[in-house]
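Sequential numbering from 1 along the given sequence is applied to the chain's residues. Values in this document were obtained by computation on a predicted structure and should not be read as measured data.
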Amino acid sequence: MGSKKKQTSRSNGTVSQNGTKMSNEMSGERKRRKNEDSTMVTKTVQMSAFIVIIIAFVIMYRTDFSSVSSSGQNSSPSLDSSQDSKASQNSIQTDSTNWRPASKEAWKLYGSTKCTVDRRDASDLTVKEFEKEYRFKKPVIVRFPNGAKDWTNPKKWSLSSLKQEYGQWYVLSGNSLEIVRKGGNGDVQSSFTEFVDSLMQDKDEIGEPFYIFDRMFYNDSSLPRTLKPPKYFEIKDGIDDSIFFLGASSSGVSFHKHADAWNGVIYGQKRWFLYPTTHTPPGGVYPGFTQMEWYSKVYPSLTEDHAPMECVQEAGEILYLPEGTYHGTINLGDTVAIGIQKKLAATETEKLFYKELNLERAAPGANRDKLLQERIKIFKKLHKLLPDNTEVMMKLGQALADSGQIQDGMKFTQLAIDKDPHFLIAHLNKAKMHIQINEKQKAEEILKFTLKMNPKLWDIHATYGDFLMNNQRFKEAVQMYKKGTEVKPDLLPFWANLRNAQQQSGDIQGARETNLVIERLHKEQQSRQ
């Protein structure tokens, strides 16, 4: 993306919590008191005035602060005394830097005192022990006596500091599911100030919050110079990638996995849901749900043997994620974090996943059939190594079906569904296979079922709309595509398909109106390039 700076002027004024410049009356007062030619009476009057201002400010601040911190302290009725103290400390930290702590309502909805992840003190965890006990084996949360101060400069990550330094820089954000679709990148571009002043409090078309998930912002900034993590989290140029995270309560990212990584929270709290490589999260990967949809629809139904490892990571802590660990997150309060992950995989299984992802890049110009056969070969190897992994089953089934081996593809897809009935994308793939072999009734039954599972997933509206068009049910197709444009209004193919369906159904006026939308979207896309 190149430079992240917008070509607009920046404000050099100090920004207060409400976004206005702080008064310079205090500075003027100090100058007057320093005037050596002033009389003693003048000095006394000025000093008295200064004291009055300070007292008034303290009273006002304490009144403001007590309401905020009490909200943080009482946010979870099930917190014990030690956790209550942590919540109080976090409220103080976030309030003093303009980031909002988790509200009582947010804690009630998304918070938890459950933690099944090891927590270790940095002072007690040696490099030798970390490598032996945790590297590539299991997650661990590392805590520090002085919180984030022990591994970064928290002041540089405060709202006022980030807005002052990077307010006009571009950042990328998105909802939890679209971030995963885009390979770990946001797809909505805005300035940093626009995000924190508007998008951060906003929701997208399906009611999901926006979350900064940006791989360029951090590297282009001066923030890397503030990091000084423990030796076992050492950052190496050319070896490690970095991601800047920022979002309000209920924002986060859907399940995915990657090479070895660690995630440090500077402000806020982050609830983690973790599964080992051998156990694909219920609901599947690729996910058919945003993380909030998964939390409300899938998580409550999980039995103990399918429940995730989980924990709420506090401000100042660093979580280590072993390579290949599936993870999804939900933020509590305004959460500012940094993620450092290896660019290349190191374990046998993750190397195969990475190889499949990079097939087209590694063999540019290779024909489709050759790539499909290589993909099938990789997934068959992975299936032997990870026989219970439903992501592998689903992707192997999809690759087989794409190569014309429909029955074999159906077999592996059904294996994934049998093991995980919540795997929405596997159900959708099965419907497509029935369409391929002209089993229309079975295909439509599955499409209706997937719509009930998640009516907000645009993939279903696209597949179902195409199915209706191919069966010359044009008026029904119009309605299906319209619903698709409601959940994904910036996706041009939806509008093009809608226009075609309207033309085929005889709705000429509707087609003209849709064409105007297409022209507008084209112009917007061109202006962003």
Presence of salt bridge, K228 and D150, under 4.0 angstrom:
no

Within 45° cone of F379 ring axis and under 6.0 Å: K395 NZ or CZ:
no

Keeping the roles fixed (side chain from S176, backbone from Q291), state whether a donor-acceptor pair exists under 3.5 Å.
yes

Salt bridge (Lys or Arg N to Asp or Glu O under 4.0 Å) partners of residues 285-304, not counting sequence neighbours, each pair once
none

Treating E323 as the side-chain partner and T347 as the backbone partner, does any N or O pair qualify as donor plus acceptor under 3.5 Å?
yes

Donor + acceptor pair across side chains of S242, N219 (<3.5 Å):
yes

Got more than 12 heavy atoms from elsewhere within 6.0 Å of NZ, K488?
yes

Do the charged groups of K343 and D240 touch, with an N to O distance under 4.0 Å?
no

Suppose we call two aromatic rings close when their centres sit under 6.0 Å apart. Are F244 and F213 close by that rule?
no

Pairwise salt bridge (Lys or Arg N to Asp or Glu O under 4.0 Å) hits with a residue in residues 269-281, at least two apart
R271-E310

Electrostatic pair K456-E205, nearest N-O below 4.0 angstrom
no

Taking the six-membered ring of F210 (Phe, Tyr or Trp), confirm whether the NZ or CZ of K203 is under 6.0 Å from its centre and within 45° of its axis.
no

Is it the case that the side chain of D420 and the backbone of G283 share a donor-acceptor pair, with hydrogens and angles ignored and the cut-off at 3.5 Å?
yes

Under 6.0 Å from the OH atom of Y286, do we count more than 12 heavy atoms belonging to anything else shown?
no

Please tell me if the side chains of K342 and D241 come closer than 4.5 Å, counting only heavy atoms from C-beta onward.
no

With F255 as reference, evaluate Y299, W294, Y326 under the ring pair (Phe, Tyr, Trp, His ring centres under 6.0 Å) test and give the passing residue.
W294

Do the side chains of W458 and E178 get nearer than 4.5 Å, heavy atoms only?
yes

If you measure only the distance, is there a donor-acceptor pair under 3.5 Å linking the side chains of T303 and D305?
yes

